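Below is one structure; the comments refer to it alone.
Bear in mind that the values here come from a model prediction, so they are computed numbers and not experimental data. Each chain gets a letter, A, B and so on, in the order the sequences are listed, and its residues count up from 1.
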Amino acid sequence: MSHVFCMVNCNNFYVSCERVFNPTLQHVPVVVLSNNDGCVIARSNEAKALGIAMGEPAFLREQFFRKHGVRVFSSNYALYGDMSRRVMQTLAQFCPSMEVYSIDETFLAFENPRPGELTALGRQMRATVRQWTGIPVSIGLAPTKTLAKIANRFAKKHPQYEGVLDLTAMTPAEVESLLDRVEVADIWGVGRKHTRMLKSFGIHTARHLRDAPADWVRKRMTVTGLHTLLELRGRPCIELEDVAPDKKAICASRSFGKSVTTLFELREAVAAYVSRVAEKLRAQQSRAGRLQVYILTNPHKDVPQYSNAMQVALPRPTAHTPELIAAALGLLERLYRPGYVYKKAGVMATQLEPETPRQLSLLDPPEEEDARRMALMTVLDRANAKWGRGTLSYAAAGLDRPWRMRQASKSPRYTTCWGELPVVG
DNA sequence: TCTGGGGTCCTAGGACCC
DNA sequence: TCTGGGGTCCTAGGACCC
């Protein structure tokens with residue numbers, strides 16, 4: 001049995017989501033900013049053509065945006081998350097094995113396809129997603145995930161492929177000349193450090209890496225680098241993760257929208273983040289054995305710097321918000337130093353373990369207390385799911401939250417909020 | 001006074017991903 | 001005024017045990 005991996009990637013996903021609900025954004029430069037309106041994290045083709053780079057700080061480009069009529073949006077994750085779900089549901093109809101890899105990417109695995117059949121199927125998938133969701137996608141097919149990613153890039157970048165490229169339908173010589181045109185930096189799994197290292201040894205393209213000695217790569221780039229090399233040779237090492245494994249760490253962190261100096265404000269922020277972590281723990285039916293809190297000043301600014309983290313083993317694994325808030329605030333008291341301007345705080349839960357199902361009849365008193373507390377958490381989660389995040393929250397997390405992130409240019413939550421539905425007429 | 005080896009578990013740090 | 005957030009995996013090294 002052999003299968004062909006398929007990578008489906010949404011083109012300029014966040015921008016495409018904005019365009020679905022706002023036709024005036026077609027054919028003009030559009031960018032979407034990160035949380036806190038910090039830097040550029042999505043660009044339309046027109047914005048790319050203007051030379052706007054991924055990750056550029058937005059405040060350095062404000063003049064430029066105005067001058068070139070660039071339409072700027074804060075990120076709207078309620079919208080993008082919902083659109084992503086629609087795209088994935090559409091794709092799932094074409095293939096039983098699917099791994100949703102990120103908000104805008106998914107792998108599919110086709111078993112024993114007939115030669116050449118997948119290009120046509122890819123075209124059909126692409127047209128269907130476009131028609132049902134409004135989102136344009138590109139599709140790459142190959143014998144390994146790493147090669148499917150490469151095929152996907154070509155499908156997206158070169159219009160002659162009409163959005164679909166199947167490496168299994170090409171000759172070895174054709175694949176080779178394609179790998180000649182891929183820089184090592186653009187290979188999935190090769191980052192900045194390894195790029196610099198490889199180039200210093202004269203390895204510049206995917207073909208060079210494919211043909212490098214395996215044991216040398218193993219030594220220099222660990223076993224993950226070896227897997228990349230083997231996958232470039234067409235030997236699958238990275239399997240499809242059909243069922244998403246439980247997360248091993250869950251965190252929540254944010255930069256502040258305004259400067260924060262007092263312990264009071266930090267307490268509110270940390271309590272809010274830890275509430276979020278607790279929700280995620282319960283959503284995965286896990287409890288945390290350890291909790292970490294960190295705070296830091298703005299490393300980009302020329303001000304006195306302080307950054308520190310502390311963690312604690314919890315008395316018992318828990319997903320109970322008040323217990324976690326108490327632990328986090330205890331850590332914060334010890335971390336806090338007055339006299340600094342804080343920019344960011346974060347909370348991370350680790351040593352997660354599954355919430356064990358309990359038999360009600362066998363409860364001893366402490367477990368009964370535990371069950372009662374978790375029942376309250378369930379009520380809270382249901383209310384927040386139904387009426388929106390933050391409907392019920394702990395007072396420790398603050399009310400007006402002046403430290404909240406900035407989102408000056410957010411579009412409506414067109415699809416997930418009754419009050420923000422687009423009006424036709 | 002000086003001297004082992006083998007194994008496990010945990011954490012920190014680095015590299016990577018989107 | 002102003003530079004994102006949330007994860008994974010691998011390895012080295014320390015602590016501890018026999």
Side-chain angles (χ1 to χ4, degrees), chain A residues 7-10 12-14 31-42 53-63 65 72 74-77 80-81 84 99-107 145-146 149 152-153 184-198 218-228 237-238 241 244-260 273 276-277 280-281 284 289-290 292 294 296-303 309-313 341 343-352 402-403 405-409:
Chain A
M7 151 100 320
V8 185
N9 190 311
C10 302
N12 313 331
F13 182 53
Y14 298 169
V31 298
V32 176
L33 307 183
S34 64
N35 277 328
N36 235 359
D37 294 345
C39 46
V40 175
I41 55 169
M54 191 72 172
E56 267 192 280
F59 76 96
L60 291 176
R61 284 287 210 166
E62 268 169 29
Q63 287 240 325
F65 291 161
V72 179
S74 303
S75 42
N76 183 347
Y77 285 102
Y80 311 150
S84 172
E99 170 190 347
V100 176
Y101 180 66
S102 75
I103 194 166
D104 68 339
E105 283 176 291
T106 190
F107 286 105
K145 282 181 162 183
T146 303
K149 290 278 263 186
N152 181 282
R153 278 179 60 87
V184 282
D186 295 329
I187 302 169
W188 187 46
V190 180
R192 252 191 7 260
K193 287 282 166 60
H194 287 329
T195 294
R196 207 181 324 141
M197 186 277 295
L198 289 170
R218 167 80 175 80
K219 206 161 65 204
R220 290 258 167 194
M221 299 170 70
T222 81
V223 68
T224 47
L226 176 63
H227 288 163
T228 300
C237 299
I238 309 170
E241 285 196 358
D246 275 356
K247 291 183 189 1
K248 297 170 180 172
I250 287 179
C251 49
S253 69
R254 287 281 180 285
S255 300
F256 304 129
K258 68 178 263 300
S259 58
V260 163
Y273 304 162
R276 186 71 194 113
V277 165
K280 294 195 215 176
L281 282 169
Q284 165 174 300
R290 266 184 111 74
Q292 181 186 70
Y294 61 89
L296 47 91
T297 51
N298 189 342
H300 300 293
K301 276 181 105 171
D302 189 19
V303 294
M310 282 189 189
Q311 47 175 294
V312 65
V341 179
K343 180 59 182 169
K344 181 176 179 178
V347 173
M348 177 156 63
T350 54
Q351 289 187 357
L352 310 191
W403 38 266
M405 65 181 178
R406 271 173 304 113
Q407 289 187 304
S409 330

Provide, to the nearest angstrom, the distance between the CD1 atom belonging to A:Ile187 and the C1' atom belonging to B:dC16.
->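 Roughly 14 Å, once rounded to whole Å.
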Starting at atom CG of A:Asp104, determine the distance to atom C1' of B:dC17, rounded to an integer number of angstrom.
->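 For the pair A:Asp104 CG and B:dC17 C1', the rounded distance is 12 Å.
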Phosphate OP1/OP2 of [N]: any [X] side-chain N/O under 4.0 Å:
| X | N | answer |
| --- | --- | --- |
| A:Gln311 | B:dT11 | no |
| A:Arg290 | B:dT11 | yes |
| A:Lys343 | C:dT3 | yes |
| A:Lys301 | C:dC2 | yes |
| A:Ser253 | C:dG6 | yes |
| A:Gln351 | B:dT11 | yes |
| A:Lys247 | C:dG7 | no |

Look at all strands and tell whether [X] reaches a base, only sugar-phosphate, or nothing, counting heavy atoms closer than 4.0 Å.
| X | answer |
| --- | --- |
| A:Lys258 | nothing |
| A:Glu105 | sugar-phosphate |
| A:Arg61 | nothing |

Base partner of B:dG7, which must satisfy Watson-Crick or wobble distances under 3.5 Å | C:dC16
Expressed in whole Å, how much space separates the C1' atoms belonging to C:dG4 and B:dC17?
->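 15 Å, rounded to whole Å.
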